[in-house]
Amino acid sequence: MKRELFKTIVSDILSDDFFSGCKFVKSVNTFVIRDGEKFVSTELDHWRDYEDESCVIRPIYGMHFDILAKWFEKFSVVKIQYQRLNPHIMFGNESFGQEDEISFKYDFSDYEEKFQLLLPMLKKNVSTIAVQYATLNDYYNKIVVPEITGEKELPDGGANWVFRYLTLGFLVDRENYPMLKDKILERVEWMHGRKEPNIECYYDRMDEIISYMENNVKL
């Protein structure tokens, strides 16, 4: 019954016209709606609430741009199937002013009620992301610029964002790219000083990787 509940949720989502053209990647519990060289993803992170005997679902939405990732495949230490599914921008329901989790009873007693909450929520949030982050410029101006100008903090961990941000700036704001590069590499040095493990995977090849991007990536 527990396994059947989540399978039913996935099946009913896929049967809706909105999701009819999407792909469900079972290994990561993620719906992928592709639009040319980009896609919106919706991961249904879920786990069992033993006390309430329910399945708790937390949707995680994302946007992925192929041009920001394909060139990096030859350098990445991450398995390629995960690179190609990894969202570049991620949101939870809280980003849309909604409860971040929905619970379904394993006995299906509240299934119809909860599914009628989940499905419209997914459709609305996916549509919002697809519109608000439709272009590289949207990503750059809404996410990267506020972090570079100090309005928000740059990430303090991970490494993939470094190469995505540099690629974005190089492609859509070449005039300010040197300033962007300086700020990001300053952050890289700070993370290297803290022995951030993801940065350490690439630190010794940083110049080579960035040079490759600058000489090979174009719109």
Do the charged groups of Lys152 and Glu147 touch, with an N to O distance under 4.0 Å?
-> no
Rounded to the nearest 0.5 angstrom, the CD1-CD1 distance for Ile210 and Ile184 is 8.5 Å
Roughly how far, to the nearest 0.5 Å, is the CG atom of Asp173 from the CG atom of Leu180?
-> 8.0 Å
Lys105/Asp52 ion pair, N-O < 4.0 Å = yes
Is it true that Lys123 and Asp16 make a salt bridge, defined as a side-chain N closer than 4.0 Å to a carboxylate O?
-> yes
So, are Arg34 and Asp66 salt-bridged, with charged N and O less than 4.0 Å apart?
-> yes
Atom NZ in Lys70, atom CZ in Arg84: separation rounded to 0.5 Å?
-> 7.0 Å
In the single-linkage hydrophobic clustering (I, L, V, M, F, W, Y; side-chain heavy atoms under 4.5 Å), do Met90 and Tyr139 co-cluster?
-> no
Can you sort out the partners of Asp35 under side chain to side chain donor-acceptor pair (under 3.5 Å), two or more places apart, ordered by chain and number?
-> Lys38
Smallest heavy-atom separation, Arg174 atom then Phe170 atom, equals NE-O, 2.6 Å
Using a strict 4.0 Å threshold on nitrogen-to-oxygen distance, state whether Arg48 and Glu53 make a salt bridge.
-> yes
Heavy-atom closest pair (Tyr140 atom, Gly169 atom, distance to 0.1 Å) is CE1-CA, 3.7 Å
Residue pair Tyr203 / Glu189, side-chain donor-acceptor N/O under 3.5 Å | yes
Would you say the side chains of Asn93 and Asn125 form a donor-acceptor pair under 3.5 Å?
-> yes
What distance separates Ser127 OG from Phe18 CZ, expressed to the nearest 0.5 Å?
-> 3.5 Å
Honestly curious: do Val56 and Leu122 fall in one hydrophobic cluster under the side-chain, below-4.5 Å linking rule?
-> no
Is the ring centre of Tyr212 less than 6.0 Å from the ring centre of Phe75?
-> yes
With Val162 as partner, the option from Ile199, Thr167, Leu154 fulfilling side-chain contact (heavy atoms from CB on, under 4.5 Å) is Ile199
Please name the pair of heavy atoms, one in Phe19 and one in Ile13, separated by the smallest distance, quoted to 0.1 Å.
-> CB-O, 3.4 Å
Pair Arg205 + Glu208: basic N to acidic O under 4.0 Å = yes
Which heavy-atom pair separates Gly62 from Pro87 by the least distance, and what is that distance?
-> CA-CB, 3.7 Å
So, Glu4 and Lys7, do they make that salt bridge, N to O below 4.0 Å?
-> yes
Under 6.0 Å from the six-membered ring centre of Tyr133 and within 45° of its axis: does the NZ or CZ of Lys142 meet both?
-> yes
Grouping ILVMFWY residues whenever side-chain heavy atoms fall under 4.5 Å, the cluster of Val131 otherwise contains none
Would you check if the distance from the ring center of Phe91 to the ring center of Tyr61 is below 6.0 Å?
-> no
Using distance alone, with no hydrogens and no angle criterion, decide if Thr135 and Asn137 have a side-chain donor and acceptor under 3.5 Å apart.
-> no
What orientation do Tyr202 and Phe163 show, parallel under 30°, tilted 30 to 60°, or perpendicular over 60°?
-> perpendicular
How are the rings of Tyr111 and Phe115 set to each other: parallel, tilted or perpendicular (split at 30° and 60°)?
-> parallel
Hey, is Glu214 close enough to Lys181 for a salt bridge, meaning N to O under 4.0 Å?
-> yes
